[in-house]
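Here the structure is laid out as C-alpha coordinates; the discussion comes afterwards.
Owing to the predicted nature of the structure, the values given are computational and were not obtained by experimental measurement. Throughout, numbering of the chain's residues begins at 1 and tracks the sequence.
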Amino acid sequence: MDAAPDPAMDPTADPTADPTADPAEDIGAAPALDVERLRSAFPALLDGPSAGLVRLDGPGGSLVPQVVADAIASAMTSGMCQRGTLTPVEQLAEATTAGARAAMGDLLGTDHRGVVFGRSMTALTFDLARSLSAAWGPGDEVVVTRLDHDANIRPWVTAAARTGATLRWLDFDPETTELHDVESVLSDRTRVVAVTAASNLFGTRPDVPAIAAAAHEVGALVHVDAVHLAAHDTVDRVALGADLISCSPYKFFGPHLGVLAADPALLETLHPDKLLPSTEEVPERFELGTLPYEQLAGVTSAVDFIASFDPRGASGATRRQRLVAAMGAIAAHEHALLSRLLIGLDRLSHVRVHGSPASRTPTLLLHVDGVEPRAVYEHLVDHGVIAPAGSFYALEASRHAGLGDTGGVRVGLSPYTTHEDLDRLIVGLGRLAC
(Lines give C-alpha, C1' and ligand atoms only; values in the text may rest on other atoms or scores of the structure.)
Protein backbone atom coordinates (compact mmCIF):
# COMPACT_ATOMS: atom_id res chain seq x y z
CA MET A 1 0.00 0.00 0.00
CA ASP A 2 1.07 3.58 -0.57
CA ALA A 3 2.54 5.34 2.43
CA ALA A 4 2.14 9.08 2.79
CA PRO A 5 5.52 10.85 2.83
CA ASP A 6 6.55 12.18 6.23
CA PRO A 7 7.47 15.88 5.89
CA ALA A 8 9.86 15.52 8.81
CA MET A 9 11.73 12.76 6.97
CA ASP A 10 12.08 14.35 3.55
CA PRO A 11 14.46 11.94 1.76
CA THR A 12 15.72 14.69 -0.55
CA ALA A 13 16.82 17.00 2.25
CA ASP A 14 20.45 17.34 3.30
CA PRO A 15 20.43 17.48 7.12
CA THR A 16 23.68 19.44 7.17
CA ALA A 17 22.51 22.11 4.76
CA ASP A 18 20.73 25.41 5.24
CA PRO A 19 17.16 24.55 4.13
CA THR A 20 16.71 28.05 2.69
CA ALA A 21 19.84 27.86 0.52
CA ASP A 22 19.91 27.06 -3.18
CA PRO A 23 22.25 24.04 -3.62
CA ALA A 24 23.51 25.51 -6.90
CA GLU A 25 25.06 28.39 -4.99
CA ASP A 26 27.49 26.01 -3.32
CA ILE A 27 29.00 24.86 -6.61
CA GLY A 28 31.84 27.18 -7.51
CA ALA A 29 31.60 30.91 -7.99
CA ALA A 30 30.14 30.96 -11.51
CA PRO A 31 26.78 32.66 -12.06
CA ALA A 32 23.84 30.26 -11.98
CA LEU A 33 21.99 28.81 -14.93
CA ASP A 34 18.68 30.55 -15.62
CA VAL A 35 16.62 27.36 -15.36
CA GLU A 36 13.25 29.11 -15.53
CA ARG A 37 14.14 30.81 -18.82
CA LEU A 38 15.58 27.57 -20.17
CA ARG A 39 12.48 25.54 -19.30
CA SER A 40 10.20 28.10 -20.91
CA ALA A 41 11.92 27.44 -24.25
CA PHE A 42 10.65 23.83 -24.49
CA PRO A 43 7.09 23.37 -25.79
CA ALA A 44 7.05 19.76 -24.55
CA LEU A 45 7.26 20.98 -20.96
CA LEU A 46 4.38 23.38 -21.45
CA ASP A 47 1.84 21.59 -23.62
CA GLY A 48 1.00 18.26 -25.22
CA PRO A 49 1.59 14.71 -23.92
CA SER A 50 4.72 15.70 -21.95
CA ALA A 51 3.15 18.57 -20.04
CA GLY A 52 3.27 17.96 -16.31
CA LEU A 53 5.58 14.96 -16.59
CA VAL A 54 9.02 14.75 -14.99
CA ARG A 55 11.38 13.99 -17.87
CA LEU A 56 14.39 12.03 -16.63
CA ASP A 57 14.97 10.34 -19.98
CA GLY A 58 17.42 12.90 -21.40
CA PRO A 59 20.22 10.34 -22.03
CA GLY A 60 17.96 8.77 -24.64
CA GLY A 61 17.34 12.10 -26.33
CA SER A 62 16.76 15.61 -25.10
CA LEU A 63 13.71 17.77 -25.56
CA VAL A 64 13.85 20.32 -28.39
CA PRO A 65 13.41 24.07 -27.84
CA GLN A 66 11.02 26.03 -30.01
CA VAL A 67 13.85 28.02 -31.60
CA VAL A 68 15.41 24.83 -32.98
CA ALA A 69 12.09 23.60 -34.35
CA ASP A 70 11.57 26.98 -35.99
CA ALA A 71 15.02 26.87 -37.60
CA ILE A 72 14.32 23.43 -39.02
CA ALA A 73 10.90 24.44 -40.34
CA SER A 74 12.30 27.61 -41.92
CA ALA A 75 15.04 25.67 -43.68
CA MET A 76 12.60 23.05 -44.97
CA THR A 77 10.41 25.70 -46.60
CA SER A 78 13.26 27.84 -47.95
CA GLY A 79 13.57 25.99 -51.26
CA MET A 80 17.03 24.52 -50.66
CA CYS A 81 17.88 21.55 -52.84
CA GLN A 82 21.60 21.39 -53.65
CA ARG A 83 24.66 23.39 -52.69
CA GLY A 84 26.26 25.77 -55.16
CA THR A 85 27.36 29.35 -55.72
CA LEU A 86 25.06 30.65 -58.47
CA THR A 87 21.46 30.88 -57.25
CA PRO A 88 20.30 32.27 -53.89
CA VAL A 89 19.01 28.87 -52.77
CA GLU A 90 22.32 27.20 -53.67
CA GLN A 91 24.14 29.84 -51.69
CA LEU A 92 21.78 29.34 -48.76
CA ALA A 93 22.51 25.60 -48.76
CA GLU A 94 26.24 26.36 -48.76
CA ALA A 95 25.87 28.84 -45.91
CA THR A 96 23.69 26.44 -43.91
CA THR A 97 26.26 23.66 -44.25
CA ALA A 98 29.20 25.92 -43.40
CA GLY A 99 27.29 27.35 -40.44
CA ALA A 100 26.62 23.91 -38.99
CA ARG A 101 30.27 22.89 -39.36
CA ALA A 102 31.36 26.08 -37.60
CA ALA A 103 28.84 25.53 -34.80
CA MET A 104 29.98 21.97 -34.15
CA GLY A 105 33.62 23.03 -34.34
CA ASP A 106 32.91 25.52 -31.56
CA LEU A 107 30.99 22.99 -29.48
CA LEU A 108 33.64 20.27 -29.75
CA GLY A 109 36.72 22.49 -29.59
CA THR A 110 37.95 21.37 -32.99
CA ASP A 111 38.71 22.70 -36.46
CA HIS A 112 35.39 23.10 -38.29
CA ARG A 113 37.07 21.93 -41.52
CA GLY A 114 37.20 18.43 -40.01
CA VAL A 115 33.50 18.20 -39.07
CA VAL A 116 31.59 15.42 -40.85
CA PHE A 117 27.81 14.93 -40.76
CA GLY A 118 26.05 11.59 -41.17
CA ARG A 119 22.86 9.66 -40.55
CA SER A 120 23.85 8.87 -36.96
CA MET A 121 26.88 8.42 -34.74
CA THR A 122 26.48 4.67 -35.25
CA ALA A 123 26.54 4.95 -39.04
CA LEU A 124 29.53 7.29 -38.98
CA THR A 125 31.49 4.96 -36.70
CA PHE A 126 30.84 1.98 -38.95
CA ASP A 127 32.02 4.07 -41.93
CA LEU A 128 35.09 5.19 -39.99
CA ALA A 129 35.95 1.64 -38.91
CA ARG A 130 35.70 0.42 -42.50
CA SER A 131 37.99 3.19 -43.71
CA LEU A 132 40.61 2.75 -41.01
CA SER A 133 40.60 -1.05 -41.19
CA ALA A 134 41.43 -1.03 -44.90
CA ALA A 135 45.09 -0.96 -43.79
CA TRP A 136 44.77 -3.62 -41.05
CA GLY A 137 45.67 -7.26 -41.13
CA PRO A 138 46.62 -10.19 -38.91
CA GLY A 139 48.88 -9.01 -36.10
CA ASP A 140 47.25 -5.60 -35.80
CA GLU A 141 45.27 -4.93 -32.63
CA VAL A 142 42.18 -2.91 -31.73
CA VAL A 143 41.08 -1.93 -28.20
CA VAL A 144 37.46 -1.47 -27.16
CA THR A 145 36.00 -1.10 -23.66
CA ARG A 146 33.14 -2.93 -21.98
CA LEU A 147 31.94 0.41 -20.61
CA ASP A 148 30.93 1.75 -24.02
CA HIS A 149 27.66 2.01 -25.89
CA ASP A 150 27.65 -0.67 -28.60
CA ALA A 151 27.99 2.02 -31.28
CA ASN A 152 31.63 2.40 -30.19
CA ILE A 153 32.17 -1.35 -29.88
CA ARG A 154 30.48 -3.30 -32.67
CA PRO A 155 31.93 -1.30 -35.60
CA TRP A 156 35.44 -2.05 -34.32
CA VAL A 157 34.62 -5.68 -33.46
CA THR A 158 33.25 -6.18 -36.97
CA ALA A 159 36.23 -4.49 -38.65
CA ALA A 160 38.73 -6.52 -36.62
CA ALA A 161 36.98 -9.79 -37.47
CA ARG A 162 36.84 -8.90 -41.16
CA THR A 163 40.55 -8.07 -41.38
CA GLY A 164 41.96 -10.68 -39.03
CA ALA A 165 43.09 -8.09 -36.50
CA THR A 166 43.15 -9.01 -32.82
CA LEU A 167 40.47 -7.52 -30.58
CA ARG A 168 41.43 -6.57 -27.02
CA TRP A 169 38.88 -5.72 -24.34
CA LEU A 170 39.47 -3.11 -21.64
CA ASP A 171 37.29 -4.14 -18.70
CA PHE A 172 35.93 -2.13 -15.78
CA ASP A 173 35.38 -2.82 -12.09
CA PRO A 174 31.73 -3.90 -11.77
CA GLU A 175 31.48 -2.28 -8.33
CA THR A 176 32.92 1.16 -9.10
CA THR A 177 32.39 1.08 -12.90
CA GLU A 178 35.92 2.53 -13.29
CA LEU A 179 37.95 1.30 -16.26
CA HIS A 180 41.03 -0.81 -15.63
CA ASP A 181 44.51 0.37 -16.65
CA VAL A 182 44.58 0.78 -20.43
CA GLU A 183 48.29 -0.01 -20.61
CA SER A 184 47.45 -3.64 -19.87
CA VAL A 185 45.86 -4.00 -23.33
CA LEU A 186 48.20 -1.81 -25.39
CA SER A 187 51.13 -2.88 -27.55
CA ASP A 188 53.12 -1.51 -30.45
CA ARG A 189 50.61 -3.29 -32.71
CA THR A 190 47.62 -1.33 -31.38
CA ARG A 191 46.04 0.64 -34.20
CA VAL A 192 42.93 2.14 -32.56
CA VAL A 193 41.63 2.63 -29.03
CA ALA A 194 37.87 3.29 -28.90
CA VAL A 195 36.68 4.72 -25.58
CA THR A 196 33.69 6.61 -24.24
CA ALA A 197 33.98 10.06 -22.70
CA ALA A 198 31.04 9.17 -20.44
CA SER A 199 29.03 5.99 -20.00
CA ASN A 200 25.44 6.36 -21.14
CA LEU A 201 24.47 3.58 -18.69
CA PHE A 202 26.24 4.52 -15.44
CA GLY A 203 27.39 8.09 -16.11
CA THR A 204 31.02 7.09 -15.47
CA ARG A 205 33.59 9.49 -16.94
CA PRO A 206 36.90 7.73 -17.65
CA ASP A 207 40.19 9.63 -17.62
CA VAL A 208 40.21 10.00 -21.40
CA PRO A 209 43.29 12.29 -21.61
CA ALA A 210 45.36 9.68 -19.74
CA ILE A 211 44.01 6.86 -21.92
CA ALA A 212 44.73 8.86 -25.06
CA ALA A 213 48.26 9.70 -23.91
CA ALA A 214 49.01 6.02 -23.32
CA ALA A 215 47.54 5.08 -26.70
CA HIS A 216 49.57 7.73 -28.48
CA GLU A 217 52.73 6.41 -26.81
CA VAL A 218 52.34 3.19 -28.82
CA GLY A 219 51.29 5.02 -32.00
CA ALA A 220 47.57 4.24 -31.84
CA LEU A 221 44.70 6.49 -32.87
CA VAL A 222 41.97 7.30 -30.34
CA HIS A 223 38.28 7.49 -31.18
CA VAL A 224 36.17 9.04 -28.42
CA ASP A 225 32.41 8.61 -28.15
CA ALA A 226 31.27 11.95 -26.72
CA VAL A 227 27.55 11.35 -27.31
CA HIS A 228 26.67 11.30 -23.61
CA LEU A 229 29.24 13.83 -22.39
CA ALA A 230 28.37 16.59 -24.88
CA ALA A 231 24.99 17.12 -23.22
CA HIS A 232 26.50 17.74 -19.80
CA ASP A 233 29.90 19.42 -19.97
CA THR A 234 32.36 21.28 -22.17
CA VAL A 235 33.97 19.08 -24.83
CA ASP A 236 37.45 19.85 -26.14
CA ARG A 237 38.70 17.35 -28.70
CA VAL A 238 42.30 18.47 -28.41
CA ALA A 239 42.35 18.53 -24.60
CA LEU A 240 40.81 15.05 -24.50
CA GLY A 241 43.54 13.77 -26.78
CA ALA A 242 40.93 12.46 -29.23
CA ASP A 243 42.15 11.98 -32.77
CA LEU A 244 38.54 11.39 -33.75
CA ILE A 245 35.42 12.28 -31.77
CA SER A 246 31.75 11.56 -32.36
CA CYS A 247 28.48 12.87 -30.95
CA SER A 248 24.75 13.14 -31.62
CA PRO A 249 23.05 16.57 -31.64
CA TYR A 250 19.72 15.11 -30.55
CA LYS A 251 21.25 14.60 -27.10
CA PHE A 252 21.79 18.36 -26.71
CA PHE A 253 18.55 19.94 -27.99
CA GLY A 254 19.15 19.34 -31.71
CA PRO A 255 17.80 17.08 -34.47
CA HIS A 256 18.57 13.41 -35.10
CA LEU A 257 21.85 13.03 -36.96
CA GLY A 258 25.47 12.21 -36.17
CA VAL A 259 28.72 14.17 -36.13
CA LEU A 260 32.30 12.97 -36.50
CA ALA A 261 35.19 15.40 -36.08
CA ALA A 262 38.95 15.19 -36.50
CA ASP A 263 41.93 17.20 -37.58
CA PRO A 264 41.41 17.72 -41.33
CA ALA A 265 44.97 16.50 -41.92
CA LEU A 266 44.03 13.11 -40.46
CA LEU A 267 40.90 12.90 -42.61
CA GLU A 268 43.02 13.58 -45.68
CA THR A 269 44.80 10.24 -45.06
CA LEU A 270 41.54 8.26 -45.10
CA HIS A 271 39.73 7.17 -48.24
CA PRO A 272 36.18 5.94 -47.60
CA ASP A 273 34.00 4.21 -50.16
CA LYS A 274 32.22 6.87 -52.19
CA LEU A 275 30.46 7.52 -55.48
CA LEU A 276 32.71 8.27 -58.44
CA PRO A 277 31.33 11.78 -59.12
CA SER A 278 31.46 12.72 -55.44
CA THR A 279 34.10 15.21 -54.38
CA GLU A 280 37.43 14.14 -52.90
CA GLU A 281 37.45 17.21 -50.69
CA VAL A 282 37.58 16.84 -46.91
CA PRO A 283 35.23 16.59 -45.07
CA GLU A 284 32.74 16.12 -47.92
CA ARG A 285 34.32 12.87 -49.09
CA PHE A 286 32.92 11.21 -45.94
CA GLU A 287 29.35 12.46 -46.45
CA LEU A 288 27.34 10.05 -48.56
CA GLY A 289 24.59 11.68 -50.56
CA THR A 290 22.90 15.05 -50.12
CA LEU A 291 23.06 16.46 -46.61
CA PRO A 292 19.84 17.14 -44.66
CA TYR A 293 20.06 20.93 -44.73
CA GLU A 294 17.07 21.41 -42.47
CA GLN A 295 18.77 19.31 -39.78
CA LEU A 296 22.01 21.25 -40.21
CA ALA A 297 20.05 24.44 -39.60
CA GLY A 298 18.73 22.81 -36.44
CA VAL A 299 22.24 21.91 -35.32
CA THR A 300 23.41 25.52 -35.58
CA SER A 301 20.32 26.72 -33.74
CA ALA A 302 20.86 24.16 -30.94
CA VAL A 303 24.47 25.24 -30.44
CA ASP A 304 23.47 28.90 -30.44
CA PHE A 305 20.70 28.10 -27.97
CA ILE A 306 23.24 26.61 -25.54
CA ALA A 307 25.58 29.59 -26.01
CA SER A 308 22.72 31.96 -25.16
CA PHE A 309 22.83 30.66 -21.58
CA ASP A 310 26.26 32.13 -20.91
CA PRO A 311 25.38 33.48 -17.45
CA ARG A 312 27.92 36.29 -17.68
CA GLY A 313 26.12 37.96 -20.57
CA ALA A 314 29.55 39.01 -21.80
CA SER A 315 29.63 41.13 -24.93
CA GLY A 316 32.39 40.53 -27.43
CA ALA A 317 32.92 36.91 -26.38
CA THR A 318 33.34 34.30 -29.10
CA ARG A 319 30.73 31.59 -29.44
CA ARG A 320 33.23 29.06 -28.11
CA GLN A 321 33.78 31.22 -25.02
CA ARG A 322 30.04 31.58 -24.51
CA LEU A 323 29.58 27.83 -24.92
CA VAL A 324 32.25 27.07 -22.33
CA ALA A 325 30.61 29.46 -19.85
CA ALA A 326 27.12 28.11 -20.55
CA MET A 327 28.21 24.48 -20.24
CA GLY A 328 29.95 25.37 -16.99
CA ALA A 329 26.67 26.75 -15.63
CA ILE A 330 24.79 23.67 -16.87
CA ALA A 331 27.34 21.34 -15.25
CA ALA A 332 27.09 23.22 -11.94
CA HIS A 333 23.28 23.09 -11.99
CA GLU A 334 23.26 19.38 -12.77
CA HIS A 335 25.96 18.64 -10.18
CA ALA A 336 23.89 20.34 -7.47
CA LEU A 337 20.86 18.29 -8.50
CA LEU A 338 22.88 15.07 -8.58
CA SER A 339 24.29 15.68 -5.10
CA ARG A 340 20.80 16.24 -3.75
CA LEU A 341 19.45 13.18 -5.54
CA LEU A 342 22.18 10.93 -4.17
CA ILE A 343 21.35 12.06 -0.63
CA GLY A 344 17.70 11.23 -1.20
CA LEU A 345 18.43 7.84 -2.73
CA ASP A 346 20.82 6.96 0.08
CA ARG A 347 17.87 7.23 2.49
CA LEU A 348 15.89 4.66 0.51
CA SER A 349 17.27 1.37 1.79
CA HIS A 350 15.48 -0.60 -0.93
CA VAL A 351 17.11 1.34 -3.79
CA ARG A 352 20.62 0.64 -5.04
CA VAL A 353 22.74 2.86 -7.31
CA HIS A 354 25.15 1.01 -9.58
CA GLY A 355 28.71 2.30 -9.56
CA SER A 356 30.67 4.83 -7.55
CA PRO A 357 33.04 6.39 -10.08
CA ALA A 358 35.33 9.28 -9.19
CA SER A 359 33.75 11.37 -11.93
CA ARG A 360 30.33 11.02 -13.53
CA THR A 361 27.64 12.80 -15.47
CA PRO A 362 24.26 13.31 -13.74
CA THR A 363 23.13 9.86 -14.86
CA LEU A 364 22.38 6.96 -12.50
CA LEU A 365 21.37 3.34 -13.00
CA LEU A 366 19.10 2.09 -10.20
CA HIS A 367 17.69 -1.17 -8.92
CA VAL A 368 14.81 -1.53 -6.47
CA ASP A 369 14.95 -4.61 -4.25
CA GLY A 370 12.45 -7.24 -5.32
CA VAL A 371 11.07 -5.25 -8.25
CA GLU A 372 11.97 -5.80 -11.90
CA PRO A 373 13.31 -2.68 -13.68
CA ARG A 374 10.42 -2.65 -16.14
CA ALA A 375 7.93 -2.71 -13.27
CA VAL A 376 9.76 0.21 -11.61
CA TYR A 377 9.57 2.13 -14.88
CA GLU A 378 5.83 1.50 -15.14
CA HIS A 379 5.29 2.45 -11.48
CA LEU A 380 7.13 5.74 -11.93
CA VAL A 381 5.12 6.57 -15.05
CA ASP A 382 1.99 6.19 -12.90
CA HIS A 383 3.55 8.89 -10.67
CA GLY A 384 4.22 11.18 -13.62
CA VAL A 385 7.94 10.41 -13.84
CA ILE A 386 9.66 9.09 -16.97
CA ALA A 387 12.80 7.12 -16.06
CA PRO A 388 13.11 4.24 -18.54
CA ALA A 389 14.43 0.74 -17.89
CA GLY A 390 16.89 -1.25 -19.97
CA SER A 391 20.53 -1.58 -20.93
CA PHE A 392 20.25 1.22 -23.51
CA TYR A 393 22.58 -0.35 -26.10
CA ALA A 394 25.36 -0.55 -23.50
CA LEU A 395 24.92 -4.30 -23.56
CA GLU A 396 28.52 -5.23 -22.75
CA ALA A 397 28.49 -2.86 -19.77
CA SER A 398 25.22 -4.25 -18.44
CA ARG A 399 26.38 -7.84 -18.76
CA HIS A 400 29.81 -7.16 -17.25
CA ALA A 401 28.17 -5.46 -14.26
CA GLY A 402 26.10 -8.60 -13.65
CA LEU A 403 22.84 -7.04 -14.82
CA GLY A 404 22.37 -9.24 -17.87
CA ASP A 405 20.46 -7.83 -20.82
CA THR A 406 17.80 -6.32 -18.55
CA GLY A 407 19.96 -3.52 -17.17
CA GLY A 408 18.24 -1.25 -14.69
CA VAL A 409 16.25 1.96 -14.30
CA ARG A 410 18.14 4.92 -15.73
CA VAL A 411 17.66 8.34 -14.17
CA GLY A 412 19.12 11.05 -16.37
CA LEU A 413 19.16 14.66 -15.22
CA SER A 414 19.11 17.45 -17.78
CA PRO A 415 19.52 21.23 -17.74
CA TYR A 416 15.72 21.55 -17.51
CA THR A 417 15.50 19.24 -14.46
CA THR A 418 14.35 20.89 -11.22
CA HIS A 419 14.48 20.10 -7.50
CA GLU A 420 10.74 19.47 -7.62
CA ASP A 421 11.34 16.81 -10.28
CA LEU A 422 13.67 15.01 -7.88
CA ASP A 423 11.08 15.19 -5.10
CA ARG A 424 8.54 13.39 -7.29
CA LEU A 425 11.07 10.72 -8.23
CA ILE A 426 12.04 10.09 -4.61
CA VAL A 427 8.41 9.91 -3.47
CA GLY A 428 7.61 7.49 -6.30
CA LEU A 429 10.56 5.24 -5.46
CA GLY A 430 9.76 5.47 -1.77
CA ARG A 431 6.30 4.05 -2.31
CA LEU A 432 7.80 0.90 -3.80
CA ALA A 433 9.02 -0.05 -0.32
CA CYS A 434 5.48 -0.92 0.79
Side-chain angles (χ1 to χ4, degrees), residues 30 33 58-59 61-62 100-118 120-121 124-125 128 147-149 151-152 193-200 203-213 215 221-254 257-264 266 283 299-310 317-335 357 359-363 412-415:
L33 177 70
S62 69
R101 293 199 207 283
M104 288 307 306
D106 286 344
L107 187 76
L108 298 177
T110 191
D111 189 332
H112 69 276
R113 296 172 299 174
V115 171
V116 179
F117 293 105
S120 63
M121 179 271 182
L124 285 169
T125 307
L128 174 64
L147 191 61
D148 273 77
H149 185 289
N152 202 30
V193 174
V195 62
T196 185
S199 165
N200 74 305
T204 307
R205 293 180 60 172
D207 188 349
V208 173
I211 293 171
L221 292 173
V222 176
H223 176 250
V224 173
D225 173 2
V227 171
H228 186 59
L229 180 62
H232 300 292
D233 208 347
T234 302
V235 176
D236 187 323
R237 181 189 68 80
V238 177
L240 285 172
D243 300 291
L244 303 124
I245 194 166
S246 299
C247 70
S248 301
Y250 76 97
K251 306 292 187 176
F252 49 85
F253 314 138
L257 76 165
V259 178
L260 169 70
D263 187 318
L266 172 59
V299 166
T300 301
S301 181
V303 172
D304 286 338
F305 175 76
I306 296 171
S308 75
F309 286 89
D310 175 355
T318 66
R319 179 166 54 190
R320 173 64 180 177
Q321 290 169 335
R322 289 184 287 119
L323 285 167
V324 170
M327 292 306 301
I330 286 172
H333 167 67
E334 293 179 338
H335 180 68
S359 179
R360 75 188 319 157
T361 62
T363 301
L413 310 187
S414 300

Using 0.5 Å steps for rounding, measure from the [atom1] atom of [X] to the [atom2] atom of [Y].
| X | Y | atom1 | atom2 | result |
| --- | --- | --- | --- | --- |
| Met104 | Thr110 | CE | OG1 | 10.0 Å |
| Leu323 | Thr234 | CG | OG1 | 8.0 Å |
| His335 | Thr361 | NE2 | OG1 | 12.5 Å |
| Leu107 | Met327 | CG | CE | 7.0 Å |
| Ser199 | Leu229 | OG | CG | 11.5 Å |
| Asp225 | Leu147 | CG | CG | 10.0 Å |

With sequence neighbours excluded, residues passing salt bridge (Lys or Arg N to Asp or Glu O under 4.0 Å) with [X]:
| X | answer |
| --- | --- |
| Asp243 | none |
| Asp111 | Arg113 |
| Arg205 | Asp233 |

Mind checking what makes side-chain contact (heavy atoms from CB on, under 4.5 Å) contact with [X], not counting sequence neighbours?
| X | answer |
| --- | --- |
| Ile245 | Leu108, Val224, Ala226, Val235, Arg237, Leu240, Ala242, Ala261 |
| Ser301 | Val67, Val68, Ala71 |
| Pro59 | His228, Thr363, Arg410 |
| Ser248 | Met121, Val227, Tyr250, Lys251 |

Open item on the list: The criterion is ring-ring contact (aromatic ring centres under 6.0 Å, His included); which residues satisfy it with Phe117, sequence neighbours excluded?
Closed with: none
Task: All ring-ring contact (aromatic ring centres under 6.0 Å, His included) counterparts of Phe309, not counting sequence neighbours - done: Phe305
Can you give me the closest heavy-atom contact between [X] and [Y], atom names plus distance?
| X | Y | value |
| --- | --- | --- |
| Pro209 | Ala239 | CG-O, 3.8 Å |
| Val193 | Ala215 | CG2-CB, 3.8 Å |
| Thr196 | Asn152 | N-ND2, 4.2 Å |
| Val222 | Ala212 | CG2-CA, 3.9 Å |

Task: Residues in side-chain hydrogen bond (donor to acceptor under 3.5 Å, both in side chains) contact with His149, at least two apart in sequence or another chain - done: none
Open item on the list: Can you list everything that forms a side-chain hydrogen bond (donor to acceptor under 3.5 Å, both in side chains) with Ser359? Sequence neighbours excluded, please.
Closed with: none
Task: Donor-acceptor contact present, side-chain Ser120 to main-chain Gly258, <3.5 Å - done: no
Open item on the list: Whether the side chain of His333 engages the backbone of Pro415 through a donor-acceptor N/O pair (distance < 3.5 Å, no angle test) should be reported.
Closed with: yes
TODO: Scan for salt bridge (charged side-chain N to carboxylate O under 4.0 Å, His left out) pairs involving residues 301-310, sequence neighbours excluded, and state none if there are none.
DONE: Asp304-Arg319, Asp310-Arg312
TODO: Take Val115 and Val259 through the test side-chain contact (heavy atoms from CB on, under 4.5 Å) and record every step on the way to the result.
DONE: CA-CA 7 Å; Val115 171; Val259 178; 3.9 Å; yes
